[in-house]
Structures are given as structure tokens and as C-alpha cells.
Amino acid sequence: MAAANSGIGIANLPNQRHKIVAKRGGHFTLMVVGESGLGKTTLINTLFSTELAQVKDYSRRHAKQLDKTTEVEIIKAELEEKQFRIKLTVIDTPGFGDYVNNRDSWQPIIDFVDDQHESFMRQEQQPMRGDKLDMRVHACLYFIRPTGHTLKPLDIEIMKRLGTRVNLIPVIAKADTLTPDDLQVFKQRIRDTISAQAIRVYNAPIDADDEASAEHAKALMGALPFSIIGSTEDVVTADGRTVKGREYLWGVAEVENEEHCDFRKLRSLLIRTHMLDLISSSEEIHYENYRQQQMETRKFGEPKIRKLDNPKFKEEEENLRKRFTEQVKLEEARFRQWEQHLIAERDRLNKDLETTHATIKSLEGELDAMQGGFGSTAAAGSRTQRR
């Protein structure tokens with residue numbers, strides 16, 4: 001009885017916290033970025049074992065070439081497991097990297113991430129802060145096309161920008177299209193590029209006091225970038241097992257087989273072991289960095305100066321600039337032609353004037369000569385009469 005009543009009860013605080021969290025639930029915002037057709041929607045549905053979004057038809061995706069804009073789609077769902085609820089928000093970015101000219105295609109994505117930090121910061125500055133809308137991105141999966149070479153310049157540009165704003169997790173899409181040896185070489189090339197370009201990616205914290213947890217975290221980070229196979233279809237293996245995977249002539253690529261891909265490691269990182277760290281690091285590192293930067297350059301309550309960097313507006317502005325330049329060139333050509341015509345007309349008139357002056361001088365000379373001859377004849381006649 002004495003042992004049961006020993007202590008003041010501080011050890012029960014984790015239990016109290018567990019009850020509060022279990023009752024309140026949680027929320028998690030995940031962003032997926034990558035070119036169309038890499039299986040982003042399929043992977044999300046596979047991760048959460050439900051159809052959160054309809055798989056898109058990309059057969060006519062190139063028919064939108066005239067738009068040339070990256071869109072932002074928001075998918076919300078509420079999941080429940082063992083009486084614990086979590087509000088899930090998935091941010092999709094269709095249109096990214098789908099065009100020949102992908103200049104500034106990352107800008108809508110970066111603007112969205114910054115806007116969520118800005119929105120939350122503005123809500124914190126209000127007198128009433130009861131119900132705050134929080135859509136800050138906790139993790140970003142960046143899908144890399146399985147080319148077998150290395151990261152493209154577009155991948156490097158956007159990963160540099162995302163790495164300073166969110167917890168960036170690179171994944172190799174459709175890993176079953178590469179052989180195991182090619183996949184390992186591809187992974188190492190990506191790691192080398194990430195290191196050489198100083199791209200910030202998410203690193204799971206290592207707890208030195210928990211050896212098992214530390215080993216698990218090291219194993220997760222050692223698999224980066226995660227090779228992924230996404231499928232919501234049930235297939236039967238050669239030994240009669242029913243699994244999620246893709247069926248080929250040579251066999252079955254299993255989603256949850258760690259010899260085939262890193263899906264289980266990615267799921268563990270996102271959901272089972274490090275979701276809380278992803279949320280806390282987003283709030284304590286990325287949001288605080290944004291808040292500090294803004295507070296150093298703005299007064300309290302001052303609105304953010306927005307730049308019109310929308311790629312669509314830029315393209316329209318560029319087209320207007322080209323049309324204006326062409327119109328100015330046409331007007332300049334017309335002006336030069338008119339000026340040359342005036343100069344030629346002036347030269348012609350000057351020549352006519354000079355010719356007229358010469359004719360007048362010639363006539364004046366002839367007149368003077370005639371007047372001189374007439375005067376001499378008159379004087380001779382006068383002398384003859386006097387004689």
C-alpha cells in the first residue's frame with residue numbers, strides 16, 4: 001500500500017497527455033511534388049490504405065501546354081485507427097514539370113508553403129486566437145523520375161527552395177522499372193548531388209539513449225532517397241500469397257517487401273515513428289525561421305509585400321512586351337522611311353533651288369551684257385551727230 005502511494009504523481013503526466021491527445025486527435029499536412037505520371041496519387045492511397053484521391057488520366061496532359069501553370073490541389077480526409085482520429089491534408093501539385101519550358105514552375109509551390117506560414121503568423125497576432133486554421137506543410141515528398149542518371153536541373157532548383165521551407169523527403173518513383181544494381185547506383189548519384197548542391201533534406205533524430213530507436217533511424221536515413229512502388233491492387237504471388245503489388249511476366253513486385261522497395265521504411269518515417277517529429281520540426285524550425293525573417297524586416301501587423309511572380313502573369317507580360325517591341329520597331333521603320341523620303345525631297349528641292357539660282361544668275365549676266373552693249377551703241381551715235 002505504501003509503495004502504491006509513493007511519489008506525488010508527476011509520473012502520471014504522460015498518461016494525462018496521452019488522454020488529451022487521444023481525445024483531441026491530430027492533424028498532418030503532406031505535400032507531394034513531382035511530374036505527372038509518377039504515381040503520386042497511387043502512393044498516397046497506398047500509404048493510408050484508402051482512396052483519398054482519384055487517379056488522374058494523363059493521356060491528354062500535354063493538351064494543357066497553353067496554360068503552362070502549376071496548380072495546387074488540396075485533399076482533406078479524416079482517418080481513424082483504434083479510436084484515434086487524425087485530420088489529413090494532402091497537397092498535390094499537378095502541372096509541375098510537365099512542359100518544355102518549366103521556368104519558374106516551382107513558384108506557385110513555394111508561394112503556397114510561404115502563404116501557410118504567413119497565414120498562421122497573422123492569426124497568432126490577432127487578439128482572439130481560439131480557432132486557428134493551420135495548413136503548414138509538415139512533410140514534402142519529392143518524386144524523382146527513375147531515369148537511372150541523376151537529378152535534373154529542375155529537380156535541383158526546386159529541392160533547394162523546398163529544403164529551406166519544409167521537411168523534404170526525396171523518393172524515387174516507380175522503382176520497379178530499374179534493376180536492383182541500377183537502383184543502388186542511381187541512389188548514390190542522387191546522394192552525391194544532394195551533398196554537392198547543399199540541398200537540405202529531412203534527417204530523423206537519433207536518440208542516443210534508445211539503441212533500438214537509433215538503429216531504426218539510421219536504417220531509415222541510410223535508405224534515402226526511398227525507392228517506391230505504389231499499388232492498391234491485390235495480386236497473387238507464385239507461392240499463393242495475396243499482396244499489394246504489380247504483376248509482371250517475370251513475377252510480382254511487392255509493395256511491402258523490403259527487398260523490392262522502401263515503402264515500409266517511408267511509411268514508418270511518415271506515420272509510425274516520426275510523424276510527431278515532422279510536425280514539431282515544422283513548427284519549431286521552419287515556421288520559426290520564416291517568422292524570424294519576417295519580423296526582422298516588417299513591423300508588427302504590417303502586411304506582407306506580395307510580388308507578382310505568378311508564371312502566368314510573367315508570360316503574359318513577356319508577350320505584351322514582345323508585341324510592344326515589335327510595334328515600336330514597325331513604327332521606327334515607318335519613321336525612318338518617312339525621314340528618308342523627307343531628306344530625299346529636301347535634297348531634290350535644294351538641287352532645284354540651286355539650278356534656279358544658277359539660271360537667274362545666268363539671265364542676270366546676259367541682261368547685264370545686253371545693257372552694256374546697248375549703252376555703247378547709244379554713246380557712239382551721239383558722237384556722230386555732234387560732228
Side-chain angles (χ1 to χ4, degrees), residues 30-44 46-47 93 96-97 106 139-164 166-206 213-231 243-246 248 250-274 277-278 281:
L30 177 66
M31 173 178 277
V32 289
V33 180
E35 300 174 16
S36 300
L38 292 182
K40 300 189 295 294
T41 303
T42 302
L43 177 62
I44 293 302
T46 309
L47 272 173
T93 55
F96 172 76
W106 55 76
C140 175
L141 296 181
Y142 186 79
F143 285 69
I144 302 169
R145 186 172 291 278
T147 61
H149 302 295
T150 186
L151 295 176
K152 298 185 297 184
L154 178 62
D155 298 328
I156 295 173
E157 286 294 330
I158 188 171
M159 288 176 71
K160 280 185 175 181
R161 289 167 169 80
L162 285 173
T164 59
V166 296
N167 292 316
L168 179 63
I169 304 172
V171 299
I172 300 173
K174 297 186 175 181
D176 49 333
T177 60
L178 297 173
T179 64
D181 293 340
D182 291 341
L183 181 60
Q184 293 305 316
V185 172
F186 189 37
K187 277 191 172 188
Q188 189 57 47
R189 288 175 178 172
I190 293 175
R191 294 190 196 105
D192 294 341
T193 304
I194 288 175
S195 177
Q197 296 293 333
I199 299 173
R200 293 178 57 182
V201 297
Y202 174 73
N203 285 311
I206 297 177
S213 176
E215 290 298 324
H216 180 66
K218 290 178 181 178
L220 293 179
M221 292 300 97
L224 210 68
F226 299 106
S227 56
I228 297 303
I229 300 173
S231 176
V243 297
K244 299 289 184 184
R246 295 185 178 274
Y248 297 96
W250 48 263
V252 174
E254 301 178 29
V255 171
E256 298 199 27
N257 189 333
E258 294 194 2
E259 294 181 358
H260 295 180
C261 70
D262 300 323
F263 174 81
R264 293 183 64 181
K265 291 185 175 68
L266 177 63
R267 183 175 62 187
S268 176
L269 181 73
L270 285 176
I271 304 173
R272 297 189 174 180
T273 58
H274 290 83
D277 184 70
L278 289 168
S281 60

Legend entry - Working for side-chain contact (heavy atoms from CB on, under 4.5 Å), residues Met159 and Leu151: CA-CA 10 Å; Met159 288 176 71; Leu151 295 176; 4.0 Å; yes
Inset, instruction - I would like to know whether Leu38 and Arg145 meet side-chain contact (heavy atoms from CB on, under 4.5 Å); could you show each step before the answer? - result: CA-CA 7 Å; Leu38 292 182; Arg145 186 172 291 278; 3.7 Å; yes
Legend entry - Worked verdict on Leu47 versus Leu43 for side-chain contact (heavy atoms from CB on, under 4.5 Å): CA-CA 6 Å; Leu47 272 173; Leu43 177 62; 4.3 Å; yes
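Across every non-hydrogen atom of Val243 and Glu254, the tightest pair is CG2-CG, 3.8 Å. Nearest heavy-atom pair, Phe143 versus Ala173, reported as atom, atom and distance to 0.1 Å: CD2-CB, 3.8 Å. In terms of heavy-atom proximity, Ala139 sits nearest to Leu270 at CB-CD2, 4.1 Å. When all heavy atoms of Pro146 and Leu178 are compared, the closest pair comes out as O-CD2, 3.8 Å. The minimum heavy-atom distance between Val255 and Phe263, with the atom names listed, is O-CB, 3.2 Å. A pairwise comparison of heavy atoms in Ala253 and Asp176 identifies CB-CB, 4.1 Å as the closest pair.
When atom types are taken as modelled, the side chain of Lys218 and the backbone of Ile206 share no donor-acceptor pair closer than 3.5 angstrom. Lys152 places no side-chain N or O within donor-acceptor distance of the main-chain N or O of Ile144, the cut-off being under 3.5 Å. Remark: side-chain polar atoms of Thr42 are not paired, donor with acceptor, to backbone N or O of Ser231 under 3.5 angstrom. Within the 3.5 Å criterion, the main-chain N or O of Arg189 finds a donor-acceptor partner in the side chain of Thr193. In this structure, the side chain of Lys40 engages the main chain of Gly34 through a donor-acceptor pair within 3.5 Å. Thr273 places a side-chain N or O within donor-acceptor distance of the main-chain N or O of Ser268, the cut-off being under 3.5 Å. Using a distance-only test at 3.5 Å, with no hydrogens or angles considered, a donor-acceptor pair links the side chain of Asn167 to the main chain of Leu278.
Other residues, nucleotides and ligands contribute over 12 non-hydrogen atoms within 6.0 Å of the CZ atom of Arg267.
Relative orientation of the His274 and His216 rings is parallel, given thresholds of 30° and 60° on the angle between their planes.
Legend: residues meeting salt bridge (Lys or Arg N to Asp or Glu O under 4.0 Å) with Asp262, ordered by chain and number and at least two apart, are Lys187. Taking the side-chain hydrogen bond (donor to acceptor under 3.5 Å, both in side chains) definition, one finds that Lys160 meets it with Gln197, sequence neighbours left out.
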